[in-house]
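Here is the structure we will look at, set down as structure tokens.
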There are 2 protein chains.
Amino acid sequence: MEPDKVRAPNIRDVARLAGVSYQTVSRVLNNSESIKDTTKQRVLEVIAQVGYRPNQAARALVTSRTRTIGVLTSQTAHYGPTTSLHAIEEAAREAGYLISTTSLATSDHAAIVDRLEHLMRQAVEGLVVIAPQVRVFDAIRQLEISVPLVTLDSTRRDDHRSLSVDQIAGARMATRHLIDLGHREIVHLSGPQDWIEAEARMTGFLREVDDADLTTHPPILGDWTADFGHHVGRELLRYRDFTAVFAANDQMALGLIHAFRDAGLDVPGDVSVVGFDDIPEAAHYWPPLTTVRQDFAEIGRRSVGMLLAELRGEVESSHEQVRPELIVRKSTAPPRI
Amino acid sequence: MEPDKVRAPNIRDVARLAGVSYQTVSRVLNNSESIKDTTKQRVLEVIAQVGYRPNQAARALVTSRTRTIGVLTSQTAHYGPTTSLHAIEEAAREAGYLISTTSLATSDHAAIVDRLEHLMRQAVEGLVVIAPQVRVFDAIRQLEISVPLVTLDSTRRDDHRSLSVDQIAGARMATRHLIDLGHREIVHLSGPQDWIEAEARMTGFLREVDDADLTTHPPILGDWTADFGHHVGRELLRYRDFTAVFAANDQMALGLIHAFRDAGLDVPGDVSVVGFDDIPEAAHYWPPLTTVRQDFAEIGRRSVGMLLAELRGEVESSHEQVRPELIVRKSTAPPRI
DNA sequence: ACGTGAAATGTGATCGTACACATCACACGT
DNA sequence: ACGTGTGATGTGTACGATCACATTTCACGT
């Protein structure tokens, strides 16, 4: 009674119904020229009528092209990586590519290797690594991955292309802003040690502090969360030997401000706080957050552009940098004298 | 000099090097029983040595199983959908499935159809729709999509499985909380009209208000952003005929609070504000936000579980609901008399 | 020593498409 | 009338794996 799963129509079914050879149908699908317009129409009608969809697996098998780009991201719901990911997906789609995403819950070597293996089994034609952690590069080398690779938010490396917001410059701008306001004791709340962008922001901070001949405490290693920022804020208050904090992202800055206010301190009156990223909520925090804006969507789009260029065999400049922008709001002010 | 792209090793290459037939290699790959342990080891060694990776396209072609789940999400960087997505990816991976994600930048019919077509061409075995918009269902019906489907954050429908946080219950809890505090004039700032979860939250709000025999203004349709919340907050202040606002998400609540404070009002002293979602930053807003928590990761995981169960042919209950939880913080208080 | 059944391994066909090449139809110049 | 070039269409084969079935190996009871 119930018909067993009817096989999906294939190219030969279409051909038969349209009264042409399967090759003619194939030509229509790949819109080759030298197809008479009338037959083309006839074939297209049959395709629409029977709901034929080309089988990508068969196509990939014979062309050995998957038209797929693999994306390795970290398993976080952060605004930046997510925004970049969506931009990547959109740019790839427009170029006729599709995205296979896989995310990294932990940063141990085995997990990274496993995720990369996973992508390679998909026979992705290129790889985008978002918010890469240092160890990712070891794994890539070990697996002898040969497809084109673009990394985001990374510092320069020589063996692959990268596209990054100039994190170091951004961190210097944030730090400079605090110094220009008159702050001399500035604390840096960094991201996790194995994140390349955390490292870059820390580097920028340290360089700027150094250039201004200031001393500073060793940066505190955080985990990007507001909870952690809150926790660090409370700890910092036990010493009170600072007048400003530069947090490596907006969420941690929010947590810091929360802790400071709970302790009766005024931001920016007693302590100035700068964040990083300019997430959409930052303008609505209390006080509105001074931060460094990066255009996540832009780097997502451009990373796909770079990758596609490499796939087409065009060799462009290997390392691109996007300049971030300092957004001054209300969370920073000159130190109280 | 430079060797042309060497063909990747295939199953026959492995077989030859291991001195067995390709079928034996295939058996090792699919770890069938009845393989002598010594030959199995030999084959595995060769596989590791030559870096052989099974070609998924070929496998999919013959088995007509792609082990891929398609995910349709909206192109937003919001915490909730993103968290669910990561959970889905992880759960699917653990079950040996992979995820093909595609996102919806606009909600017009053509775009939705295009994205669904895209997924169907991938021959996904199942479909998860995150944060669905009303029109998605029309498109699914039109395309006669026959693969198992699970939707998240949706209200009950009869023709597919769904898994949802009970948005209506959550909205009622939030509203009830305000009523219990003594508020009588409550404004609802809703999400966009075509989002099912926005609709559900609005419904919950209206029902609770109705049950309490209160009147209310027609809900304001927002776009989920803090910017919009801020804008609405300013508009609302022109009337001041309310003592509390229930925002359909935390970001809009943040924007509202910002606007109120800018106008010199105290939250919760002059106006109470409730959000929805309990994003990780909500606890650190000023004041810490009273909101409704939903476990996004949990519904992501469970949606995959439902989908896989259906793929295995198990027919379970079709609609599951997860209860949200009211988190009372400092943004709500009794109205000033 | 030999038949027998189970375990281990091998052979042919197949999935749905694209590519290379072959063929056909037809117009056109000489 | 005929060769010829070009546009339109058809035929054979390969991609790399799995499945169904065939065959070989081998231990064991009689």
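By convention in this document, chain letters (A, B, ...) are assigned in the order of the sequence lines, proteins followed by strands, and residues within each chain are numbered from 1.
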When rounded to the nearest 0.5 Å, the distance separating CG of A:Leu29 from CZ of A:Arg53 is 13.5 Å

One should read off an interatomic distance between A:Ile88 CD1 and B:Ser103 OG, to the nearest 0.5 angstrom, of 11.0 Å

Which atoms of nucleotides 16-19 of chain D (N or O only) lie under 3.5 Å from a protein N or O atom, and what are those distances?
from, atom 1, to, atom 2, distance (Å)
D:dG16, N2, B:Ala58, O, 3.4
D:dA17, OP1, B:Tyr52, OH, 2.6
D:dA17, OP1, B:Asn55, N, 3.0
D:dA17, OP2, B:Ile11, N, 2.3
D:dA17, O5', B:Tyr52, OH, 3.4
D:dT18, OP1, B:Asn30, OD1, 3.3
D:dT18, OP1, B:Asn30, ND2, 2.9
D:dT18, OP1, B:Arg59, NE, 3.1
D:dT18, OP1, B:Arg59, NH2, 3.2
D:dT18, OP2, B:Ser26, OG, 2.6

Are any protein N/O atoms closer than 3.5 Å to N/O atoms in nucleotides 6-8 of chain C? If there are, list each pair with its distance.
none

Quick one: side-chain contact (heavy atoms from CB on, under 4.5 Å) partners of B:Tyr79, sequence neighbours excluded?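 A:Ala77, B:Thr83, B:Ile279, B:Pro280, B:Phe296.
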
Donor-acceptor pairs under 3.5 Å, side chain of residues 36-48 of chain A to any protein atom, not counting sequence neighbours: which ones?
from, atom 1, to, atom 2, distance (Å)
A:Thr39, OG1, A:Lys36, O, 2.8
A:Arg42, NH1, A:Ala18, O, 2.5

So salt bridge (Lys or Arg N to Asp or Glu O under 4.0 Å) across residues 89-108 of chain A, not counting sequence neighbours, yields A:Glu89-A:Arg93, A:Glu89-B:Arg115

Salt bridge (charged side-chain N to carboxylate O under 4.0 Å, His left out) evaluation trace for B:Arg302 with B:Glu320: CA-CA 9 Å; B:Arg302 284 178 58 180; B:Glu320 297 189 21; 2.3 Å; yes

Check your understanding: For A:Arg12, which residues count as a salt bridge (charged side-chain N to carboxylate O under 4.0 Å, His left out) partner, sequence neighbours excluded?
Key ->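 By the salt bridge (charged side-chain N to carboxylate O under 4.0 Å, His left out) rule, A:Arg12 matches no residue at all.
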
